[in-house]
Number of protein chains: 2
Amino acid sequence: MRRAHHPEAGEITLTGVMAALSDPIRVGLVRVLADGRERGWGELQAPVAKSTLSHHLRVLRDAGLTRTRQEGTRCFVVLRREDVQARLPGLLQAVLAAAEEDDIGRQVSVKGAERPA
Amino acid sequence: MRRAHHPEAGEITLTGVMAALSDPIRVGLVRVLADGRERGWGELQAPVAKSTLSHHLRVLRDAGLTRTRQEGTRCFVVLRREDVQARLPGLLQAVLAAAEEDDIGRQVSVKGAERPA
DNA sequence: TTCGATGTTCGTGAAACATCGAACAAGCTA
DNA sequence: TAGCTTGTTCGATGTTTCACGAACATCGAA
């Protein structure tokens, strides 16, 4: 469980973010985090092995889209909405709206939340 | 020189577009086409072999970002701005603004246009 | 018909990516 | 201390992507 590297807000790149959000699972994760609430790893449900989920969360973090905090043995994630907005104005908003419209990333959910069948 | 397949406007997907625009060269191509003018293949300058350029143009076309027209032996491309806007409102605008800001894809230009050093 | 120009496709590598299970590290808890 | 939980890292595998040059197809011009 090593230290996670987070890029500065200024280091967020357009192509990095585009690449990170070109995977439905990662879009789903961002959607789940879109309400701004911090979530624990364990709350996140996705149809992949935990090592794969760890990988996806790392890609999001490396792209500067999320921030990870560690507390004891468990981790929490938040969307870095302001930072992304500062560097790429309007992008996240457009992506989230489109993802919502097409229900992209519906495979990802939060444990305990009401999931529409 | 076979028929090029173009997805319908409705078939444009978020993740497809995100993936297509996660490459600086393709962002550069879109930037060049952003003025809405149709361009001939030969006008496009990019630091890659022509087969590679053909590949990138195909990826853009397959994602629904551009439309290709054939005239004799040569081809022309246009940005499908309205179609993309209809499916993914605000996305292209945000990408273009960010690309302009960071000068992403500057390696791509139009032959004969003034290129700032 | 022969040639040149223009794109596409093919064959091929190298690199990146998604995915998994297994092994590992670190911190609680018993 | 031993064991459980949580998340990361490693190695393997298969797929996709990017890149190139070469070969091919097509059209217009000589």
Side-chain angles (χ1 to χ4, degrees), chain A residues 1-6 13 15-30 33 38-63 65-78 104-105 107-108 110-111, chain B residues 1-6 13 15-30 38-63 65-78 104-105 107-108 110-112:
Chain A
M1 226 108 74
R2 216 126 4 121
R3 75 291 155 249
H5 171 255
H6 292 84
T13 67
T15 49
V17 168
M18 297 301 281
L21 296 181
S22 65
D23 183 292
I25 297 228
R26 288 193 293 260
V27 172
L29 289 168
V30 169
L33 296 172
E38 189 178 57
R39 299 291 185 178
W41 249 230
E43 283 183 276
L44 304 172
Q45 301 242 89
V48 293
K50 65 174 182 171
S51 56
T52 304
L53 181 59
S54 185
H55 162 67
H56 284 307
L57 287 166
R58 182 217 228 288
V59 171
L60 289 175
R61 189 181 55 213
D62 287 351
L65 281 162
T66 59
R67 188 181 301 283
T68 286
R69 184 174 63 84
Q70 201 169 341
E71 191 177 299
T73 73
R74 87 188 54 167
C75 292
F76 297 88
V77 231
V78 214
I104 291 178
Q107 332 143 38
V108 181
V110 175
K111 224 170 251 175
Chain B
M1 226 107 79
R2 218 128 1 124
R3 76 293 158 248
H5 173 254
H6 291 85
T13 67
T15 49
V17 168
M18 297 302 279
L21 296 181
S22 65
D23 182 294
I25 296 226
R26 290 195 289 262
V27 172
L29 289 168
V30 169
E38 190 177 55
R39 299 292 184 178
W41 250 227
E43 283 183 277
L44 304 172
Q45 301 241 90
V48 293
K50 65 174 181 172
S51 56
T52 304
L53 181 59
S54 186
H55 161 68
H56 283 305
L57 287 166
R58 183 218 225 289
V59 172
L60 288 176
R61 189 181 55 214
D62 287 352
L65 282 162
T66 60
R67 188 180 302 283
T68 287
R69 185 173 63 82
Q70 202 168 341
E71 189 177 298
T73 73
R74 86 186 57 164
C75 292
F76 297 88
V77 231
V78 214
I104 290 177
Q107 333 143 38
V108 181
V110 176
K111 225 171 248 175

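Computed from heavy atoms alone, side chains included, the values below leave out hydrogens, waters and symmetry copies. Lettering follows sequence order; numbering is per chain, from 1.
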Treat primed atoms plus P, OP1 and OP2 as sugar-phosphate and everything else as base, then score nucleotides 12-18 of chain C 5' to 3': B for base contact with protein heavy atoms under 4.0 Å, S for sugar-phosphate contact only, - for none. ------S
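- Atom CZ in B:Arg58 sits roughly 11 Å away from atom P in D:dT17 (whole-Å rounding).
- Remark: C1' of D:dC27 and CZ of B:Arg69 are 15 Å apart, rounded to the nearest angstrom.
- Candidate nucleotides D:dC27, C:dG7, D:dT8 were compared by shortest atom distance to the side chain of B:Lys50, and C:dG7 ranks first.
- A:Gly42 approaches A:Lys111 most closely through the heavy-atom pair O-NZ, 3.1 Å.
- Across A:His56 and A:Leu29, no two heavy atoms sit closer than the pair CB-CD1, 4.1 Å.
- Atom P of nucleotide C:dT6 and atom CZ of B:Phe76 are separated by 11 Å, given to the nearest angstrom.
- Between A:Glu43 and A:Glu38, the shortest heavy-atom distance links the atoms OE1-O, 4.3 Å.
- Distance, A:Asp62 CG to D:dT9 P: 10 Å, rounded to whole Å.
- Not one side-chain nitrogen or oxygen of B:Ser54 sits closer than 4.0 Å to the OP1 or OP2 atom of C:dG7.
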Secondary-structure string, 5' to 3', Watson-Crick or G-U under 3.5 Å, | for another-strand partners, for DNA chain D: ||||||||||||||||||||||||||||||
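- Expressed to the nearest 0.5 Å, how far CG of B:Leu44 lies from CG of B:Leu57 amounts to 6.0 Å.
- Going from atom SG of B:Cys75 over to atom CH2 of B:Trp41 covers 5.0 Å, rounded to the nearest 0.5 Å.
- C:dT8 atom C1' lies 17 Å from atom NE2 of B:His5, rounded to whole Å.
- DNA chain C is contacted by both A:Ala49 and B:Gly40; B:Gly40 maps to the nucleotide lying nearer its 5′ end (nearest heavy atom per residue).
- Here the closest non-hydrogen pair linking B:Thr68 and B:Arg61 is OG1-CD, 3.6 Å.
- Between B:His55 and B:Val59, some side-chain heavy-atom pair lies under the 4.5 Å cut-off.
- At a cut-off of 3.5 angstrom, the base of D:dG21 holds at least one donor-acceptor pair with the side chain of B:Ser51.
- Distance, A:Gln70 CD to D:dT6 P: 14 Å, rounded to whole Å.
- The CG-P distance, from B:Leu21 to D:dT17, rounds to 14 Å in whole Å.
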Compile the donor-acceptor pairs under 3.5 Å between side chains in residues 15-24 of chain A and protein atoms, sequence neighbours left out, one pair per line.
residue	atom	partner	partner atom	Å
A:Ser22	OG	A:Ala19	O	2.7
A:Asp23	OD1	A:Ile25	N	2.8
A:Asp23	OD1	A:Arg26	N	3.4

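- Rounded to an integer number of Å, the gap from CD of B:Glu71 to C1' of D:dC27 is 12 Å.
- The A:Trp41 side chain lies nearest to D:dT8 when the options are C:dT6, C:dT8, D:dT8.
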